[in-house]
Amino acid sequence: MKTPSAFYKPLAIGAPEPFREIPVSLERMIHFVPPHIEKMRAKVPDLIEKVDVVLGNLEDAIPADAKSDARNGFIQMARDNDFGSTGLWTRVNCLNSPWFLDDIVEIVGAVGEKLDVVMLPKVEGPWDIHYLDQLLAQLEAKDGLSKPILIHAILETAEGVKNVEQIAAASPRMHGMSLGPADLAASRGMKTTRVGGGHPDYAVLSDADDGGARAAYQQDLWHYTVGKMVDACLSYGIKPFYGPFGDFSDPAACESQFRNAFLMGCLGAWSLHPTQIGIAKKVFSPDAGEVEFARKILEAMPDGTGAVMIDGKMQDDATWKQAKVIFDLAKLVASKDADMAVIYGF
Ligand code: GLV
Ligand code: MG
């Protein structure tokens with residue numbers, strides 16, 4: 001373990017100081033773009049207006065013979081656009097792939113100043129973060145970058161889940177992490193063939209003694225992992241996210257999976273299809289009724305102490321803190337999203 005003072009020292013001479021706090025930014029949807037396809041790159045200016053984060057995907061779903069085109073396409077789209085307050089991320093190939101080193105070295109060298117976050121797949125433990133941390137510091141120093149590039153881990157292996165707390169704590173460069181249910185299912189030997197979401201056979205039956213047909217209630221396959229990830233992230237001051245939902249023909253199930261993650265503490269999810277942008281925006285912007293109720297709590301308890309009744313419900317210091325989470329998030333949403341600002345009445 002590093003000493004606390006060493007933890008915040010740059011890892012290379014000339015690299016920028018690590019952030020003490022993750023910069024505040026709205027990241028309701030991380031929108032995946034396949035950057036080797038020119039038609040997709042052409043949509044980026046429009047996406048910048050619509051989404052909170054644009055991510056150039058270099059890893060899974062990009063064919064092996066298109067890996068270098070995807071890397072070059074990402075550099076091109078980063079150069080061609082002004083991203084304003086919209087985040088620019090890339091998902092690089094995993095550490096043991098033949099493409100990772102060139103992904104990092106070429107992208108940071110070409111467009112490091114514009115890059116906010118590197119999403120690192122298949123993170124197994126803190127050693128993976130330490131390696132990328134050191135490499136990024138060396139490249140930042142070499143290229144004279146002014147701000148640190150953050151790391152976002154994908155939690156998608158059994159070993160990663162086992163080590164999730166050490167991953168969250170590995171570096172001040174940690175931005176957060178996303179659940180990767182597809183790779184995680186494979187790594188755990190789960191008997192599914194889906195990208196996220198539930199499974200009709202993962203259910204509990206009602207009791208047998210009622211004489212009639214027994215109801216089966218589907219359970220959330222991801223509840224345990226999301227809970228473990230949220231606790232690891234929040235205890236280290238970094239951000240938890242749900243990842244992908246692969247069934248584009250089932251927006252209701254996508255919305256339900258995103259909402260479960262939101263209620264449990266996640267701040268966003270991946271959008272892999274244009275229809276999922278609106279779903280994520282709806283789910284990860286707090287509900288206007290909840291925001292109004294939160295406002296009532298905050299106004300009724302200006303110093304956050306004591307107990308009051310509002311609409312028949314007891315409020316105290318703990319509900320004041322919950323209200324503050326919702327109200328602060330609503331303010332952040334309103335600062336970027338004019339439509340939501342009107343809905344919240346800000
Ligand atoms: C995402 O990368 C996943 O494996 O679900
Ligand atoms: Mg994956």
Side-chain angles (χ1 to χ4, degrees), residues 27 29-36 53-64 66-67 70-71 74 89-100 103 117-125 128-129 132 151-164 167 174-199 202 220-230 232-233 239-250 253-258 260-262 264 266-273 276-277 279-280:
E27 291 157 344
M29 73 297 290
I30 301 160
H31 189 74
F32 273 51
V33 175
H36 57 301
V53 175
V54 175
L55 176 144
N57 178 30
L58 311 184
E59 199 224 10
D60 292 357
I62 307 299
K67 292 288 187 188
R71 187 187 303 136
F74 177 74
W89 297 20
T90 182
R91 177 170 80 165
V92 294
N93 288 287
C94 60
L95 289 171
N96 63 1
S97 74
W99 306 291
F100 167 83
D103 289 347
V117 175
V118 171
M119 182 184 272
L120 184 65
K122 302 178 178 68
V123 173
E124 306 263 37
D128 290 338
I129 305 299
L132 179 55
I151 301 175
H152 182 102
I154 311 182
L155 193 62
E156 56 180 350
T157 66
E159 183 159 18
V161 175
K162 178 165 69 79
N163 294 324
V164 65
I167 294 169
M174 281 300 293
H175 160 279
M177 59 184 89
S178 291
L179 172 74
D183 270 300
L184 183 55
S187 167
R188 280 179 172 161
M190 289 167 65
K191 310 302 177 289
T192 55
T193 52
R194 299 171 170 218
V195 178
H199 192 288
Y202 190 70
D220 184 352
L221 275 171
W222 307 108
H223 180 81
Y224 157 77
T225 317
V226 171
K228 198 169 172 180
M229 177 180 75
V230 167
C233 286
K239 302 181 184 183
F241 291 75
Y242 179 78
F245 188 89
D247 186 352
F248 303 152
S249 70
D250 194 349
C254 176
E255 182 170 334
S256 159
Q257 182 72 73
F258 283 8
N260 288 350
F262 174 68
M264 283 186 72
C266 291
L267 291 167
W270 303 359
S271 48
L272 303 182
H273 187 272
Q276 295 182 337
I277 296 172
I279 298 173

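Just the heavy atoms: all of them, side chains too, but no hydrogens, waters or symmetry mates, feed the values below. Just so you know, ligand 1 is whichever comes first in the structure, and atom 1 is the first atom listed for that ligand.
- With a 4.0 Å cut-off on non-hydrogen atoms, P244 touches ligand 1 through its side chain and not its backbone.
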Set out, in order, the CA-CA distance, both residues' side-chain angles and the distance that settles side-chain hydrogen bond (donor to acceptor under 3.5 Å, both in side chains) for T225 and R188, then state yes or no. CA-CA 12 Å; T225 317; R188 280 179 172 161; 2.8 Å; yes

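- Of the heavy atoms in R91, only side-chain atoms (C-beta onward) come closer than 4.0 Å to ligand 1.
- Using a 4.0 Å cut-off between charged nitrogen and carboxylate oxygen, D247 and R194 do not count as a salt-bridge pair.
- Among the heteroatoms counted here (N, O or S) of D183, OD2 is the one nearest to the Mg ion (ligand 2).
- Side chain of D183 to main chain of A186: no donor-acceptor pair is present (N/O by atom type, distance under 3.5 Å, no hydrogens or angles).
- Only side-chain heavy atoms of W270 come within less than 4.0 Å of ligand 1; its backbone N, CA, C and O stay farther off.
- If you run side-chain hydrogen bond (donor to acceptor under 3.5 Å, both in side chains) between N93 and each of K67, R71, E59, only K67 comes through.
- An N or O contact shorter than 3.5 Å links D183 to ligand 1 by distance.
- Every N/O-N/O distance between L184 and ligand 1 stays at or above 3.5 Å.
- Without hydrogens or angle criteria, T90 side chain to G56 main chain gives a donor-acceptor distance under 3.5 Å.
- The Mg ion (ligand 2) has no N, O or S atom of D60 closer than 2.8 Å.
- Looking only at heavy atoms of the protein, atom 5 (O) of ligand 1 is closest to A182 N, 2.8 Å.
- Ligand 1 does not have G243 within reach: every non-hydrogen atom of the residue lies 4.0 Å or more from it.
- Taking the Mg ion (ligand 2) as reference, E156 places its N/O/S atom OE1 nearest.
- Between H175 and F241, the ring planes are parallel. Angles under 30° get that label, and only those over 60° would be called perpendicular.
- At a threshold of 4.5 Å between non-hydrogen side-chain atoms, the residues S187 and E159 do not count as touching.
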